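Data first, discussion second: the structure below is written as structure tokens.
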Amino acid sequence: MSAMDAAHGLSGRTLFTAIFGDPVVHSLSPAMHNAAYAALAIERAYAAFQVTPERLREAIRAIPAMGILGVNLTVPHKERALRMMAYLSDEALLLRAVNCVINRNGELHGDNTDARGIEADLRENQVTIEGAVAIVIGAGGAASAAVLAMLRLGAMRIVICNRTVARANRLARGFARYLGARGGGHPRQTIETRGLDALVNATTMGAAALVINATPMGLKTGGFAPLSYAAAPATCVFYDMIYAREATPFLAPAIALGRRAIDGAGMLLHQGELAFELFNGVAPPAGVMRVALMSALGRG
Ligand code: NAP
């Protein structure tokens, strides 16, 4: 049954989940979640709501009032929503961002599945970073998720490169506390911060095993910041959190050089599968959300 068929099956008993974003019209989450509802044959549906930042508080307050089971938050709401939850998971607190709001008997619990999403995607793609150097471009919520995933995957040195270095420093300080409190684990792990000029530094790029774009560069802006792809080792993997039908502006030069390039579709899929289970208390049937996403991306 297609997502459209599932929507036609709405009744007085249908329970809802949703995504709030601004913009939200291009979101692929409804296609993924509704495909899983159709496969499970349960009376649930996933809707997309265009919610402006000014009205986010009102929209979040409406979740228990309307009996919505759970809501994904996307740009620009993830950080602002932190203060609107009754409870926060340790991961949402650490990342200072919420991408899943779960309605538990009228109380709103904020969680974040982005780090687990990128981690699962890197594992699935057999990208190993244990003991190696990872460059994370950006210092917002997505970059924060990338840094946590890098720490969990055992990267030895993480270099955060951001346009605003002060913001990268804030992000690094948050993780320094986490690394200190965690003890054990990978005691030699370090986090450094740089400006975007580090992306054309042969020494920095020459040490990288993985370069992750966690900014909207290339999506909102036409091109990407200057980056020395050729200075990176031949085995370096380029990962863009942005996903598109065509190669993204960050990945296109890497592909042209024959480097391994992965876009954010897999991350979107894995964070979505985790969100589905949090909202519905049941895992999506294997492969269903993937097929819906790939078909929406024209990769069917
Ligand atoms: P955000 O908080 O808005 O991130 C902004 C970051 O991007 C900041 O570090 C900012 O630098 C930088 N930036 C923005 N515009 C820039 C420009 N023109 N030039 C240079 N740097 C720029 O957003 P986010 O929530 O972290 O998300 C970042 C990206 O990841 C988005 O494109 C989002 O769609 C994607 N994402 C994908 C997934 C997935 O599942 N695939 C999940 C989460 C996010 P300053 O600090 O200097 O402003």
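Numbers here are sequence positions counted from 1. Remember, it's a predicted structure, so these values are computed and weren't measured experimentally. Below, all heavy atoms of this structure are taken into account, side chains as well, without hydrogens, waters or symmetry copies. Counting starts at 1 for both ligands and their atoms, in listed order.
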**OP:** Taking only heavy atoms of Y243 into account, list the atoms of ligand 1 that are under 4.0 Å away from them.
**Re:** 41 (N)
Original post:
Counting from 1, what ligand 1 atoms have a heavy atom of G138 closer than 4.0 Å?
Top reply: 9 (O)
Original post:
Does the ring center of Y46 lie less than 6.0 Å from the ring center of F279?
Top reply: no
Subject >> Any A139 heavy atom less than 4.0 Å to ligand 1 >> reply: yes
Original post:
Taking distance alone, with no angle check, do A265 and ligand 1 share an N/O pair under 3.5 Å?
Top reply: no
**OP:** Any atoms of ligand 1 less than 4.0 Å from a non-hydrogen atom of G141? List them with their elements.
**Re:** 2 (O), 26 (O)
Subject >> Close side-chain approach of P53 and R80, heavy atoms under 4.5 Å >> reply: yes
Subject >> Side-chain heavy-atom pair E273, E277 within 4.5 angstrom cut-off >> reply: no
Original post:
What's the shortest heavy-atom distance between G264 and Y239, and which atoms?
Top reply: CA-OH, 4.2 Å
Subject >> Closest candidate by heavy atom, reference atom 40 (O) of ligand 1, pool L268, D240, I242 >> reply: L268
Subject >> Minimum non-hydrogen distance to atom 37 (C) of ligand 1, winning option of R167, H77, H270, M241 >> reply: M241
Subject >> Contact atoms of ligand 1, heavy-atom distance to G140 under 4.0 Å >> reply: 2 (O), 9 (O), 26 (O)
Subject >> Side chain to side chain, I160 and E192, heavy atoms closer than 4.5 Å >> reply: no
Original post:
What atoms of ligand 1 come closer than 4.0 angstrom to any heavy atom of G264?
Top reply: 41 (N)
Subject >> Option with minimal heavy-atom separation from atom 47 (O) of ligand 1, where the choices are L196, V75, T164, I118 >> reply: T164
**OP:** Between M217 and ligand 1, find which residue part has any heavy-atom pair under 4.0 Å and reply side chain, backbone, both or neither.
**Re:** side chain
Original post:
Where does D114 meet ligand 1, judged by heavy-atom distances below 4.0 Å: at the side chain, the backbone, both, or neither?
Top reply: side chain
Subject >> ligand 1 contact on A214 by region, counting heavy-atom pairs under 4.0 Å >> reply: backbone
Original post:
With side chains defined as the heavy atoms from C-beta onward, is the minimum distance between M241 and I118 less than 4.5 Å?
Top reply: yes
Original post:
Only one of M150, M267, R152 clears side-chain contact (heavy atoms from CB on, under 4.5 Å) with E119; which?
Top reply: R152
Subject >> Beyond-backbone contact of I137 with M217, side-chain heavy atoms, under 4.5 angstrom >> reply: yes
Subject >> Atom indices of ligand 1 within 4.0 angstrom of N162 heavy atoms, with elements >> reply: 8 (C), 9 (O), 10 (C), 11 (O), 45 (P), 46 (O), 47 (O)
**OP:** Check whether any side-chain N or O of N99 sits under 3.5 Å from a backbone N or O of T113 as a donor-acceptor pair, and report yes or no.
**Re:** yes
